[in-house]
Q: 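The structure under discussion is supplied below as structure tokens; questions concerning it will follow.
These numbers come from the heavy atoms of this one structure, side chains and all, not from hydrogens, waters or symmetry mates.
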Amino acid sequence: MKRFLLMASALLLVTCLGSCKKDKDEQSSTRLPIVQFGAVSYTLSGEYVDIKIVCSANLKKNTMVNFTLGGTAVEDTDYILSSNSFEVLAGTSTAIIRVTSRNFSESYKNISLELEPNESLELGRNAKSEIAIKQKEPLAFNFNVKSLRLMTEYEIKLTVTKIGGAPFTALEPIVLPVKILDGATAVLGTDYIFKGGSITSLTIPKGENSAAFTLIAKSGKNKKFTFAINNDPVAIGRHMVPGKNPNVEITIPGPLMFDQITGPWKCQGIIGLDSLKKVMADKYDESETTLLPTATTNFWLNFSGSTSAGMRVSPLGVGSLTALFRASSLEFHEPMNNHSGSTIVNDTHSTINETYNYSKTENIQLTYFKLEKANRAFSTTTVNEGEMVVGMWLNAKGNLEIYLRDTDMPPFLQAWYPDYERMGLGFEFTKVR
């Protein structure tokens with residue numbers, strides 16, 4: 001009897017142990033994976049920081065893990081989230097979202113994240129995490145030019161540097177919205193276009209510090225507009241500040257029109273006179289420089305008429321240029337003796353990329369005109385009246401520059417400069433108001 005009771009007790013113990021193991025196995029197989037943040041705190045001190053969640057096991061299906069936001073920092077003003085939820089893909093156990101700093105922070109700010117309950121996951125101990133936003137270094141943006149004359153096409157470059165000019169490299173693409181400032185007279189699509197299509201922003205690629213775009217002139221005639229970064233703190237971030245050239249003032253000169261030169265203009269002298277004297281002294285004899293037509297400051301040209309009624313030019317005053325100019329009609333003419341590197345534009349009346357030995361280093365745009373009468377000999381003792389072609393433009397100061405393109409060899413150059421027509425002897429005039 002005693003032996004029977006011992007055997008029955010042993011059998012009951014084995015049955016109980018087996019039942020407990022089964023319950024434990026069933027409990028283990030139905031327990032949810034644990035999910036929590038990879039760290040309880042992060043620091044956003046640069047352009048961005050990656051926030052990770054970690055599951056205790058690989059998941060069998062794609063699972064979205066939502067979270068709530070808090071803290072003193074404001075989303076879309078102080079920072080941007082790459083996503084509003086974590087997505088753990090099937091067969092993996094982690095997921096990442098990126099928090100990108102947007103503004104210069106003048107004081108300490110933080111972001112708090114808390115994982116929301118999920119039917120597929122159990123929240124772990126680190127279900128909350130905090131991101132400390134450190135003060136972000138301000139950056140300056142600058143265009144490579146402050147102003148330009150758009151004749152055909154021009155590439156404009158925007159560069160971002162640290163304040164003070166130290167180099168900067170973008171850790172993530174930086175998108176800067178752009179705009180045309182109020183007061184523009186040039187019309188996009190009519191007077192100019194953007195190469196490759198219109199743009200609403202400039203993007204500085206990751207690993208770079210600049211972005212560029214190209215403008216192409218169309219039919220604009222003395223039209224202007226200003227291209228600018230949209231310097232709105234909400235749009236670009238408070239850490240982005242204007243540099244020395246935050247805008248570009250653009251003029252589309254087009255061909256010179258009669259209405260732009262109507263009225264009296266007073267001569268200021270030979271363009272690049274000092275350079276011309278030096279070349280003459282080096283090539284021939286310094287005494288030859290005294291023959292140059294430098295007595296010009298008491299001489300005027302008056303332009304009258306209109307495109308429809310015809311244009312006339314009348315010389316006024318005294319001095320060296322009375323040996324050249326005569327009262328004459330004026331009309332457009334095709335380019336003549338223009339430099340080989342120049343390009344003819346605007347219905348064959350103008351050239352661009354003209355450069356002159358004695359004027360300026362910048363390329364200019366000339367519109368060509370034919371004077372019905374002038375003294376081609378450019379002499380007080382010799383007269384050879386006939387037609388004469390000149391190239392004219394309004395420079396950046398608004399002054400009229402007139403370049404001689406078709407005369408006889410003048411006495412003050414003798415025979416040492418056989419290619420006189422291409423030399424680019426010119427005179428600068430200011431408008432009399």
Side-chain angles (χ1 to χ4, degrees), residues 21-137 169-177 201 203-207 233-240:
K21 183 177 187 301
K22 182 178 179 182
D23 291 343
K24 186 175 182 180
D25 289 343
E26 288 178 355
Q27 183 180 2
S28 177
S29 64
T30 59
R31 184 176 180 180
L32 298 177
I34 297 173
V35 62
Q36 59 187 345
F37 285 104
V40 295
S41 64
Y42 294 87
T43 300
L44 179 55
S45 57
E47 292 296 312
Y48 66 88
V49 63
D50 288 335
I51 310 300
K52 179 190 286 189
I53 61 170
V54 180
C55 299
S56 58
N58 291 341
L59 304 188
K60 295 180 179 180
K61 62 178 182 179
N62 294 350
T63 303
M64 303 301 295
V65 181
N66 297 323
F67 57 87
T68 57
L69 284 171
T72 57
V74 180
E75 185 181 5
D76 292 332
T77 298
D78 297 308
Y79 65 93
I80 300 173
L81 296 177
S82 61
S83 176
N84 288 315
S85 61
F86 293 93
E87 182 178 13
V88 184
L89 300 179
T92 68
S93 61
T94 63
I96 289 175
I97 64 167
R98 176 161 292 182
V99 181
T100 301
S101 177
R102 186 163 192 179
N103 280 323
F104 171 71
S105 180
E106 298 176 354
S107 59
Y108 170 83
K109 291 185 178 182
N110 74 308
I111 309 167
S112 61
L113 297 88
E114 182 173 357
L115 299 179
E116 294 182 351
N118 190 294
E119 62 181 10
S120 302
L121 298 166
E122 179 182 335
L123 297 183
R125 180 182 302 174
N126 298 334
K128 296 181 180 180
S129 186
E130 183 175 302
I131 306 169
I133 302 178
K134 287 193 173 181
Q135 184 174 354
K136 190 173 183 182
E137 184 175 18
T169 300
L171 299 178
E172 281 291 296
I174 298 176
V175 180
L176 298 175
S201 62
T203 300
I204 297 175
K206 177 181 179 180
V234 176
I236 66 172
R238 288 191 293 272
H239 68 294
M240 299 294 297

Q: Minimum heavy-atom separation for Ser85 and Asn66, please, with both atom names.
A: CB-OD1, 3.2 Å
Q: Search all heavy atoms of Gln36 against all heavy atoms of Arg125 and return the closest pair with its distance.
A: OE1-N, 3.3 Å
Q: For Leu44 versus Val99, what's the shortest heavy-atom pair and its separation?
A: CD1-O, 3.8 Å
Q: Quick check: closest heavy atoms across Lys109 and Thr72, and the distance to 0.1 Å?
A: CA-OG1, 3.3 Å
Q: Got a second to check how far Ile51's CD1 is from Ile53's CD1, nearest 0.5 Å?
A: 11.5 Å
Q: If you define the side chain from C-beta out and look only at heavy atoms, does anything of Leu113 sit under 4.5 Å from Ile131?
A: yes
Q: Could you check if a side-chain atom of Val35 sits within less than 4.5 angstrom of a side-chain atom of Leu115, using non-hydrogen atoms only?
A: yes
Q: Heavy atoms only: give me the nearest Ala39-Ser129 pair and the separation to one decimal.
A: O-OG, 2.9 Å
Q: Please report the closest heavy-atom contact between Ala90 and Asn62, naming both atoms and the distance.
A: N-OD1, 2.7 Å
Q: To the nearest 0.5 angstrom, please state how far the CG atom of Asn84 sits from the CE atom of Met64.
A: 9.5 Å
Q: Please collect all salt bridge (charged side-chain N to carboxylate O under 4.0 Å, His left out) contacts where either partner lies in residues 50-61, sequence neighbours excluded, each pair once.
A: Asp50-Arg98
Q: I'd like to check Glu116 versus Thr68 (side-chain heavy atoms, cut-off strictly below 4.5 Å). Are they in contact?
A: yes
Q: Would you indicate whether the side-chain heavy atoms of Tyr42 and Ile133 approach each other to under 4.5 Å?
A: no
